[in-house]
Amino acid sequence: MTIRSIDMQVLVQKVGEVAKIQQAEKTSQHIKQQSFLEQIAQQTEVVSKTVNEASASESGLIREKQSEKKKKHTGKKKARQNEPDDEETANWTPDPNKGSNLDVRA
């Protein structure tokens with residue numbers, strides 16, 4: 001397929017218009033991208049500065065978990081108290097001739 005001289009004259013004139021259109025598209029895409037990035041930055045800033053409110057059911061769950069932890073902790077303490085002491089600690093009596101302070105040298 002050959003290009004005739006008349007077609008070439010029309011194409012040369014259209015090249016400037018096409019270049020302007022392509023440049024406008026590139027700049028509009030760049031501007032849209034910049035505005036999108038700014039919106040994301042604003043949203044992240046707002047989200048990071050706001051405090052989410054806990055729903056009523058969540059506060060109940062938190063209290064239940066805390067009470068379960070307390071029950072487990074007190075249960076462990078009671079189990080430790082009910083365990084028989086080692087023979088060494090049961091027979092150990094403090095010596096009245098020794099002091100209660102310990103000197104440590106480094």
Next item on the list: Hey, could you give me the CD/NZ distance between Glu68 and Lys71, rounded to the nearest 0.5 Å?
Entry: 7.0 Å
Checklist line | Gln66 CD to Lys70 NZ distance, which is reported to the nearest 0.5 Å | finding: 6.5 Å
Report all side-chain donor-acceptor pairs from residues 12-22 shorter than 3.5 Å, counting only partners two or more places apart or in another chain.
none

Exercise answer: donor-acceptor pairs, residues 38-51 side-chain atoms, under 3.5 Å, sequence neighbours excluded:
unit_1	atom_1	unit_2	atom_2	d
Thr44	OG1	Ile40	O	3.1
Thr44	OG1	Ala41	O	2.8
Glu45	OE2	Lys49	NZ	3.3
Ser48	OG	Thr44	O	3.1
Ser48	OG	Glu45	O	2.9
Thr50	OG1	Val46	O	3.2
Thr50	OG1	Val47	O	3.3

Check: From Ser67 OG over to Lys72 NZ, what is the distance, rounded to the nearest 0.5 angstrom?
Finding: 10.5 Å
